[in-house]
Protein chains: 2
Amino acid sequence: MEAKKENSRVIKAAQTKKRIYDSALILFKRHGFGTSVDSIVEMAGVSKGSFYSHYNSKFSLIIDYVNNLDLGYADFFTSLPSDIPPSSMLILVTEKIMDVIINDVGIDLIKLSYEAQITKTVNTDIQLSYDRKLYQIYNQIIQLGVQQGEFKSTLDIESVSKHCIMSIRGITYEWCIRFPDFDPKDEIIKHLNLLLSGIKKG
Amino acid sequence: MEAKKENSRVIKAAQTKKRIYDSALILFKRHGFGTSVDSIVEMAGVSKGSFYSHYNSKFSLIIDYVNNLDLGYADFFTSLPSDIPPSSMLILVTEKIMDVIINDVGIDLIKLSYEAQITKTVNTDIQLSYDRKLYQIYNQIIQLGVQQGEFKSTLDIESVSKHCIMSIRGITYEWCIRFPDFDPKDEIIKHLNLLLSGIKKG
DNA sequence: TTTAGTCACTGACTTTAGTCAATTATACAG
DNA sequence: CTGTATAATTGACTAAAGTCAGTGACTAAA
């Protein structure tokens, strides 16, 4: 990963990319994410080829946008009082995440993003860094739960954290395919409660 | 839902649909699921419009195919000895389902099918009937667990069944986006064990 | 300064999914 | 048997994503 020299060529390229990105955002807001690449490049005043030298696909741009949203999970987590039980932290953080997904990101973007992940014309690096932040939060909570004796000491903390995040993604996928007859916030809470307390007796 | 009379018109239409379907399968096997609709109708000797009067979209045909696979879950379930604990049944059935998904259906079809579910120009009725069968199996197992006293009597059986199936779908989605660096069978078992025993102490 | 090479950029082109008005074949009522 | 309604089928057409050989402005090395 070498930083490119800031010569005029590089600067112009960055300006072009930004023009494409900005035009896309305006058109997305105006006409939704079905906006064609043709209309984006027309508004940006560049050629189609230029679009594709900056973005691998139409999805790439959308994923760029999603990943640049500041979702503010980390802030929410650090703002939590530290004297509540870790199981409650888990629930609260997860509720917050679902709120953001439902209200700030929205069904259309989530669908596109999940579709892009499957078809993957897309560089997943940024997506993974997003995961890493989430993962750290869950890891901390579960570690805390084990330390404080609320959670089983036999837990594989890393694995459990990953499974919490997978549950969020799973429920969000379910939301995509069942929309609007599915309440993802309600369901993720039910799922977490199952994960916390288990199905088996004692 | 009225049964159509079997006049020659209906029979011919069914034959046309079958010719399209069979050609598609041959081409899918030969060139993968990227096969174009044009080449399918060329091989079937029908027009493109005809294709679209039988299938809403290219995905529809693929979904049709996936749903017509006899996945044999039900048989596997009924062949289980009835004296093993319900928690083991849950694990065994789920392992079987994952085996089928991984080996009989395969990553390419699963990806297409999951993509189709998200983009959904597609009639989900058949997908739902597939779910219904699975759902019945899980419902029975969990009911048995409650009756025999292995599972908590306070469980909402229907909700827990749904969440088991959602977990399968969630993990399968994860497999799609992480392939090949993800072992869905291993992970679904871990997830189920968490669901069964819980994270919290006693 | 010259010159070879790089890189953003161009736009016509290809590919493919999906549409729809027109056409043809069949069913059915009188 | 005749005319009319209905359903299946056609294929030219649209729309949109993505490609690629070519262009010229800019960089950097001699």
Side-chain angles (χ1 to χ4, degrees), chain A residues 2-24 27-28 30-64 112 115-116 118-123, chain B residues 2-24 27-28 30-65 112-113 115-116 118-123:
Chain A
E2 208 173 327
K4 275 184 191 157
K5 266 199 250 172
E6 284 217 355
N7 56 36
S8 74
R9 190 187 274 180
V10 171
I11 292 169
K12 258 187 89 178
Q15 284 172 343
T16 301
K17 185 167 186 176
K18 188 161 189 323
R19 270 219 307 288
I20 293 169
Y21 186 82
D22 292 342
S23 304
L27 290 172
F28 283 164
R30 207 180 287 165
H31 304 118
F33 298 101
T35 303
S36 70
V37 173
D38 280 332
S39 61
I40 293 170
V41 299
E42 189 194 333
M43 183 178 216
V46 301
S47 71
K48 203 151 183 199
S50 192
F51 181 97
Y52 283 96
S53 80
H54 289 292
Y55 296 101
N56 296 329
S57 67
K58 197 182 161 186
F59 278 143
S60 283
L61 194 157
I62 291 166
I63 298 294
D64 243 37
L112 280 170
E115 188 190 347
I118 292 181
T119 55
K120 191 139 57 193
T121 330
V122 169
N123 181 3
Chain B
E2 210 172 324
K4 275 181 192 160
K5 266 200 250 170
E6 285 218 354
N7 55 37
S8 74
R9 187 187 277 182
V10 171
I11 293 169
K12 261 188 88 177
Q15 285 172 344
T16 301
K17 184 165 187 177
K18 188 161 190 321
R19 272 219 307 288
I20 293 169
Y21 186 82
D22 292 342
S23 304
L27 291 172
F28 284 163
R30 207 181 283 166
H31 303 119
F33 297 100
T35 303
S36 70
V37 174
D38 280 331
S39 61
I40 293 170
V41 298
E42 190 194 332
M43 183 178 217
V46 301
S47 70
K48 202 153 185 199
S50 194
F51 180 97
Y52 283 95
S53 81
H54 289 291
Y55 296 101
N56 295 328
S57 68
K58 196 182 162 187
F59 279 142
S60 281
L61 195 157
I62 291 166
I63 298 291
D64 243 36
Y65 172 64
L112 278 173
S113 161
E115 187 191 347
I118 293 181
T119 56
K120 190 138 58 188
T121 327
V122 169
N123 182 2

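In what follows, chains carry the letters A, B, and so on, assigned in the order in which the sequence lines appear, proteins first and then strands, with residues in each chain numbered from 1. Everything numeric in this text was worked out from a predicted model, so none of it was measured.
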Quiz prompt | Short side-chain N/O contact to C:dT19 OP1/OP2 from B:Y52, under 4.0 Å | solution = no

Self-check item: Whole-Å gap separating C1' (C:dT15) and CD (B:E42)
Solution: 15 Å

Self-check item: Contact under 4.0 Å: B:S53 side-chain N or O vs D:dA7 OP1/OP2
Solution: no

Self-check item: Distance in angstrom units between A:I11 CD1 and C:dC7 P, rounded
Solution: 16 Å

Quiz item: Do the side chain of B:K48 and the base of C:dA17 come within less than 3.5 angstrom through a donor-acceptor pair of N or O atoms?
Solution: yes

Practice problem: Name the pairing partner of D:dA30, where a pair is Watson-Crick or G-U wobble with both distances under 3.5 Å, or state none. | Solution: C:dT1

Quiz item: Are side-chain heavy atoms of B:L112 and B:F28 found at a separation under 4.5 Å?
Solution: no

Self-check item: First encountered from the 5' end of DNA chain D, between B:R9 and B:F51
Solution: B:R9

Practice problem: Report yes if at least one side-chain N or O of B:S36 is closer than 4.0 Å to OP1 or OP2 of C:dT15; otherwise report no. | Solution: no

Quiz item: Would you say the side chain of A:Y21 lies within less than 4.5 Å of the side chain of A:H54, judging by non-hydrogen atoms?
Solution: no

Practice problem: Round to the nearest Å and state the distance from A:K12 atom NZ to D:dG24 atom P. | Solution: 14 Å

Self-check item: Rounded distance (Å) that lies between atom C1' of C:dT10 and atom NE2 of A:H54
Solution: 12 Å

Exercise. Would you mind reading off the distance between A:Y55 atom OH and C:dA8 atom P, rounded to a whole angstrom?
Key: 14 Å

Practice problem: Could you tell me the separation between the NZ atom of B:K58 and the P atom of C:dT15, rounded to a whole number of Å? | Solution: 15 Å

Quiz prompt | Side chains of B:S47 and B:S50, donor plus acceptor under 3.5 Å | solution = no

Exercise. Round to the nearest Å and state the distance from A:N56 atom CG to D:dA17 atom P.
Key: 15 Å

Quiz item: So, do B:F51 and B:V46 sit near enough that their side-chain heavy atoms are less than 4.5 Å apart?
Solution: no

Practice problem: Name the residue closer to the 5' end of DNA chain D, choosing between A:G49 and A:G34 according to the nucleotide with the nearest heavy atom. | Solution: A:G34

Quiz item: Does A:Y55 have A:K17 sitting over its ring (NZ/CZ under 6.0 Å from centre, angle to axis within 45°)?
Solution: yes

Exercise. Let me know the distance between CG of A:D38 and P of D:dA17, rounded to the nearest Å.
Key: 7 Å

Quiz prompt | Complementary nucleotide for C:dC7 - Watson-Crick or wobble, under 3.5 Å | solution = D:dG24

